[in-house]
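This structure is a prediction, so every number in the text was calculated from the model and none was measured.
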Amino acid sequence: MTNTIGWELYRSFLAVLTEGSLSGAARALGLTQPTVGRHISALETALNQVLFTRSQVGLLPTEAAESLRGYAEAMRSTAAALERAAAGHGTGVSGTVRISASEVIGIEVLPPALARLRREHPGLKLELAATNRVQNLLLREADIAVRMTPPKQEQLIARPVGKVLIGLYAHKDYLLQHGTPATPADLARHTLIGFDEETPFLRAARKAFPSWTREALSLRADSDLAQLALIRAGAGIGFCQAVLAARDKKLVRVLPESCELLLETWVTMHEDLRHSPRCKATFDALVHCLLTHTGQE
C-alpha cells in the first residue's frame, strides 16, 4: 500500500458512496466523470481492494468500502474544520462556524439569533446543520452543537441553558372531532404521532408513559418538523415543545398534569475553540438564544 494517497481520491470515494454512480459523484464535485473514475481506480490500486461493483442500479460499495466510510468521513470533517479555522484567523469576528442542532431547534428557534449575529458580525459565515443525528464535535463534524443531553467528553465545553418543556398537543379541530382525552388510558383511542425509529426521546417518553410505544403510534415520522406539521394539521396528538405550541393559538395542551417531559438543553463546543473569536461570538449568541427559549433569561 502506498503512503502517498491524496485526499482527492478519498473525496471522490465519498462522493461515489453518496451518489451511487461516477456521473452523480462528478456532478456533486464539479469534476468530469473520467476524472472520478481515475480517482476510484487509483484508490483501489493503492489499497489493493475492490471498492465498488457495478449493478443495474449503479455502483454498489463492497464490504471493504463500507469499512472505510467512517474514516473517510472523519477526514472530510477534519479537512472542513481546517478550512474554517484557517479562514477565521485574523482580527475581528470573521470566518465560518458550523452549528449542529436538532431539526426543530435549528429551524424553529435559532434563525432569528443567527440573523442578528450576522448583522452584528458581517464577516461571519454560518453553516447550520439541522439534523437529529448527533454530530461528533471531537471529529469536528461541527464547531458548536445544541444538544438535549449533557455531553460526556471531557474535551468539550458545555453550557447548560435550561430545560425545554415538552407536552402533548393537538389541534382544536381534532379535539372537537374526536374528543379530549381525560386520562392517559384514553390516548389508546386516539391517533398518536411520534417517531418511527428508536430514539433517546422515544425511550424517555416510554419510560414516563409506558403505553407510548411505537406500536401505539398511528402516524410515525423520524422528522421533528414532520411531526409538528402533522400536529398543526389536526392529524392527531403528539409531543411538542410548549414554547413552540404557544405560537399557534389553535394548538391545545392535552393531559397537562400527567404528560410532560423536561429536556435539559446544552450548548457545546470543543475546548480548542475557546479562544476563537468567531466561535466565542457564536457560542455566546446561542447561549443567549437558548436561555431566552427556555425562559431562563
Side-chain angles (χ1 to χ4, degrees), residues 7 10-11 14 69-107 109-164 199-201 204 224 262-297:
W7 158 239
Y10 292 110
R11 185 167 173 260
L14 278 174
R69 182 192 294 266
Y71 298 104
E73 289 175 342
M75 291 175 65
R76 178 176 60 191
S77 297
T78 300
L82 184 151
E83 292 177 4
R84 294 195 298 271
H89 279 292
T91 59
V93 177
S94 63
T96 302
V97 179
R98 184 171 178 81
I99 303 163
S100 173
S102 69
E103 288 181 341
V104 71
I105 292 292
I107 294 173
V109 179
L110 297 186
L114 301 185
R116 184 166 53 251
L117 183 62
R118 277 277 301 133
R119 288 194 296 269
E120 295 172 354
H121 304 289
L124 190 62
K125 296 180 181 180
L126 301 171
E127 298 175 357
L128 177 59
T131 174
N132 290 336
R133 183 179 73 86
V134 177
Q135 295 199 309
N136 194 320
L137 296 181
L138 298 184
L139 294 180
R140 302 304 174 88
E141 290 183 329
D143 297 313
I144 302 174
V146 179
R147 292 184 174 170
M148 312 310 279
T149 56
K152 299 178 181 179
Q153 298 94 335
E154 294 181 356
Q155 302 96 319
L156 300 183
I157 298 170
R159 169 70 188 272
V161 288
K163 297 180 180 180
V164 173
T199 66
F201 177 81
D224 293 338
L262 287 172
L263 296 183
E264 287 186 280
T265 309
W266 301 73
V267 179
T268 63
M269 73 176 176
H270 198 287
E271 63 180 1
D272 289 351
L273 301 175
R274 67 167 70 238
H275 300 301
S276 164
R278 62 190 171 88
C279 291
K280 185 178 185 306
T282 306
F283 187 91
D284 292 343
L286 294 182
V287 166
H288 175 72
C289 173
L290 272 301
L291 286 173
T292 301
H293 181 66
T294 59
Q296 301 298 305
E297 185 171 294

Test side chain to side chain contact (heavy atoms under 4.5 Å, CB included) applied to Lys163 - qualifying residues, sequence neighbours left out: Leu262, Glu264
Is there a side-chain contact between Leu114 and Arg118 (heavy atoms, below 4.5 Å)? no
Apply side chain to side chain contact (heavy atoms under 4.5 Å, CB included) to Ala115 and list each qualifying residue two or more places apart in sequence or on a separate chain. Arg119
Gly106 and Leu128: which non-hydrogen atoms are nearest, and at how many Å? O-CD2, 3.3 Å
From NE2 (His121) to CZ (Arg278), nearest 0.5 Å: 13.5 Å
Shortest non-hydrogen contact from Asp224 toward Ser102: OD2-CB, 4.1 Å
Can you name the side chain to side chain donor-acceptor pair (under 3.5 Å) partners of Arg69, sequence neighbours left out? Glu66
When rounded to the nearest 0.5 Å, the distance separating CD1 of Ile144 from CG of Leu126 is 9.0 Å
Rounded distance (nearest 0.5 Å) linking atom CD1 of Ile105 with atom OG of Ser100: 11.5 Å
Can you list the residues that meet the salt bridge (Lys or Arg N to Asp or Glu O under 4.0 Å) rule with Lys125, with sequence neighbours excluded? none
Mind checking salt bridge (Lys or Arg N to Asp or Glu O under 4.0 Å) for Glu127 and listing every partner two or more places apart, or none if nothing turns up? Arg98
Quick one: does Ile157's side chain get under 4.5 Å of Val267's, heavy atoms only? no
Which pairs of donor and acceptor atoms, one on a side chain in residues 289-296, lie under 3.5 Å apart (sequence neighbours left out)?
unit_1	atom_1	unit_2	atom_2	d
Thr292	OG1	His288	O	3.0
His293	NE2	Gln241	OE1	2.7
Thr294	OG1	Val161	O	2.6
Thr294	OG1	Leu290	O	3.0
Thr294	OG1	Leu291	O	3.3

Going through the checks in order, is the side-chain contact (heavy atoms from CB on, under 4.5 Å) test met by Cys279 and Met269? CA-CA 8 Å; Cys279 291; Met269 73 176 176; 4.1 Å; yes
From Thr282 OG1 over to Leu124 CG, what is the distance, rounded to the nearest 0.5 angstrom? 4.5 Å
Those residues that, when tested against Arg159, pass salt bridge (Lys or Arg N to Asp or Glu O under 4.0 Å) (two or more places apart): none
Say you draw a straight line from CG of Leu273 to CG of Asp143; how long is it, rounded to the nearest 0.5 Å? 5.5 Å
According to salt bridge (Lys or Arg N to Asp or Glu O under 4.0 Å), does anything in residues 265-277 pair up with another residue at least two apart or in another chain? List the pairs. Arg140-Asp272
For the atom pair CG (Asn132) and CE (Met148), what is the distance rounded to the nearest 0.5 Å? 10.5 Å
Only counting residues at least two apart or in another chain, list the ones meeting side chain to side chain contact (heavy atoms under 4.5 Å, CB included) with Ala285. Leu117
For a quick test of reading the model, state the closest non-hydrogen atom pair linking Ala158 to Trp266 and the distance between them. CB-CE3, 3.8 Å
